[in-house]
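Have a look at the structure below, then the notes.
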Amino acid sequence: MKIQKLEQSGFIIETDAGYKLGIDIGAFSPAENVHEHMVDAMLSSHLHGDHFAIPQVKKIAPKKLYLNRECIELLGEEEIDTEITEVKVGETIDIQGIKISFFDVDHGPNATLRPLENFGFLIEVDAKKIYFAGDMYYPSGMDVVDLEVDLALIPVGGHYTFGPEEALAFVSTFRHICAIVPMHYDKTPDTKEVFVKLATEKGFAVDVL
């Protein structure tokens with residue numbers, strides 16, 4: 001398994017067999033450049049533009065698109081030559097050997113447009129386990145006390161999500177994390193540096209990809 005970080009909270013996971021899954025490739029990834037990040041399928045956590053953007057979806061044109069009801073409604077009458085599957089909290093799906101479980105994430109009080117559905121993902125691929133917190137402001141979703149993961153993708157930007165201190169407190173509740181990948185800091189890059197310093201001082205391995 002390979003993982004590549006894009007802007008804000010965007011990632012591409014590539015399986016050992018070469019299948020590529022894009023996650024939250026939104027408006028922070030310029031539409032004119034996303035052809036460099038072609039994927040087989042795409043997954044979006046919620047309808048905010050930095051996580052789900054129609055120009056980027058059209059440019060990438062994945063074969064399959066997995067969205068909640070709000071994102072599907074946002075697409076409206078847009079002509080997209082893509083198979084669209086609605087997904088919901090509590091479901092677990094399999095995409096070419098990539099197992100994905102959906103859980104609800106609390107976006108907090110500061111989002112101008114509060115999404116009705118805001119996902120986090122637990123992803124199992126090629127014997128690796130990846131926790132994607134999405135836009136988490138308060139600890140929420142699945143219980144992580146007994147959870148062991150290879151990678152934890154955690155927002156650290158503050159205001160709309162965890163800040164560095166809140167992110168550190170949250171990751172400290174997991175049973176075990178092999179490495180933490182900070183995300184959602186593009187507008188506040190200093191928060192990444194603060195989090196990396198705090199987390200490494202506590203003995204966590206941090207990978208900024």
Side-chain angles (χ1 to χ4, degrees), residues 1-13 21-30 33-34 37 43-53 56 102-115 118-123 128-209:
M1 184 273 295
K2 299 176 183 176
I3 185 167
Q4 176 186 1
K5 186 181 183 304
L6 306 181
E7 292 79 10
Q8 194 75 320
S9 303
F11 292 88
I12 295 175
I13 295 173
L21 174 67
I23 299 174
D24 278 15
I25 303 175
F28 278 35
S29 296
N33 295 333
V34 294
H37 307 305
L43 190 65
S44 294
S45 62
H46 64 292
L47 80 170
H48 289 157
D50 54 335
H51 300 262
F52 175 69
Q56 280 72 2
F102 299 84
F103 56 89
D104 186 54
V105 168
D106 192 331
H107 207 312
N110 297 324
T112 304
L113 174 61
R114 287 292 297 273
N118 184 38
F119 292 152
F121 312 125
L122 184 65
I123 302 168
K128 300 291 185 182
K129 192 173 288 187
I130 301 169
Y131 178 94
F132 176 89
D135 274 9
M136 188 179 287
Y137 184 92
Y138 296 120
S140 47
M142 65 173 57
D143 187 354
V144 300
V145 172
D146 293 320
L147 187 61
E148 299 185 27
V149 297
D150 295 281
L151 291 174
L153 316 182
I154 306 293
V156 300
H159 190 69
Y160 297 115
T161 70
F162 288 144
E165 293 82 5
E166 293 81 12
L168 179 64
F170 179 64
V171 297
S172 298
T173 63
F174 281 68
R175 182 172 183 178
H176 181 69
I177 298 172
C178 292
I180 303 166
V181 178
M183 62 180 185
H184 206 288
Y185 53 75
D186 292 63
K187 288 188 176 181
T188 55
D190 289 348
T191 62
K192 178 190 73 173
E193 305 306 326
V194 172
F195 175 77
V196 171
K197 182 175 184 297
L198 291 173
T200 52
E201 286 176 350
K202 288 291 185 180
F204 287 101
V206 181
D207 190 344
V208 295
L209 294 181

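Since we're looking at a predicted model, the values are computed, not measured.
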Can you find a pair of side-chain heavy atoms, one from Phe162 and one from Pro139, that are under 4.5 Å apart? yes

Non-hydrogen side-chain atoms of Leu122 and Val149 separated by less than 4.5 Å: yes

Return the minimal non-hydrogen interatomic distance between Met183 and Leu153, and the atom names on each side. CE-O, 3.3 Å

Which pairs count as side-chain hydrogen bond (donor to acceptor under 3.5 Å, both in side chains) when at least one residue sits in residues 145-160, sequence neighbours excluded? Glu148-Arg175

Within a 6.0 Å radius of atom NZ on Lys128, are there more than 12 heavy atoms belonging to other residues, nucleotides or ligands? no

Hey, mind stepping through Phe121 and Phe102 against ring pair (Phe, Tyr, Trp, His ring centres under 6.0 Å) and telling me if it holds? CA-CA 5 Å; Phe121 312 125; Phe102 299 84; 5.6 Å; yes

Nearest 0.5 Å, what's the OG1-CG distance between Thr161 and Asp106? 12.0 Å

When every non-hydrogen atom of Ala133 is compared with those of Pro155, the smallest separation belongs to CB-CD, 3.7 Å

With a 4.5 Å limit on heavy-atom distance, are the side chains of Phe11 and Leu209 in contact? yes

Taking the side chain as C-beta and beyond, is there a heavy-atom pair between Val181 and Ile3 under 4.5 Å? no

Nearest 0.5 Å, what's the NE2-CZ distance between His48 and Arg114? 9.0 Å

Closest non-hydrogen contact found for Ala205 with Cys178 is CB-O, 3.3 Å

Quick one: closest heavy-atom pair of Ile154 and Ala167, and the distance? CG2-CB, 3.8 Å

Apply side chain to side chain contact (heavy atoms under 4.5 Å, CB included) to the pair Asp50 and Asp186, showing each step before the final yes or no. CA-CA 10 Å; Asp50 54 335; Asp186 292 63; over 6 Å; no

Of all heavy-atom pairs between Ser44 and Phe119, which one has the smallest distance, and what is that distance? O-CD1, 3.9 Å

Answer whether the closest heavy-atom distance between the side chains of Met136 and His184 falls below 4.5 Å. no

List the steps and the verdict of side chain to side chain contact (heavy atoms under 4.5 Å, CB included) for Lys202 and Val171. CA-CA 11 Å; Lys202 288 291 185 180; Val171 297; over 6 Å; no

List in chain and number order the residues that pass side chain to side chain donor-acceptor pair (under 3.5 Å) with Ser45, two or more places apart in sequence or in another chain; answer none if no residue qualifies. Asp24

Report yes if the side chains of Ser9 and Phe28 come closer than 4.5 Å at any heavy-atom pair, otherwise no. no

With side chains defined as the heavy atoms from C-beta onward, is the minimum distance between Ile25 and Ile12 less than 4.5 Å? yes

Has the side chain of Thr191 got a donor or acceptor atom that lies under 3.5 Å from a matching backbone atom of Val156? yes

Any donor-acceptor pair under 3.5 Å from Gln8 side chain to Gly26 backbone: no

With heavy-atom distances below 4.5 Å as the criterion, would you say the side chains of Phe195 and Tyr185 are in contact? no

Can you tell me how far apart CG (Leu151) and OH (Tyr131) are? Round to the nearest 0.5 Å. 13.5 Å

Going from CZ on Phe170 to CD1 on Ile177, what distance comes out if it is rounded to the nearest 0.5 angstrom? 8.0 Å

Atom of Pro182, atom of Val206 and distance for their closest heavy-atom approach: CD-CG1, 3.7 Å

Leu47 CG to Phe52 CZ distance, which is reported to the nearest 0.5 Å: 8.5 Å

Interatomic spacing from CG in Asp135 to CG in Asn118 - rounded to 0.5 Å: 6.0 Å

Backbone N or O of Leu198 within a donor-acceptor pair of the Glu201 side chain at under 3.5 Å? no

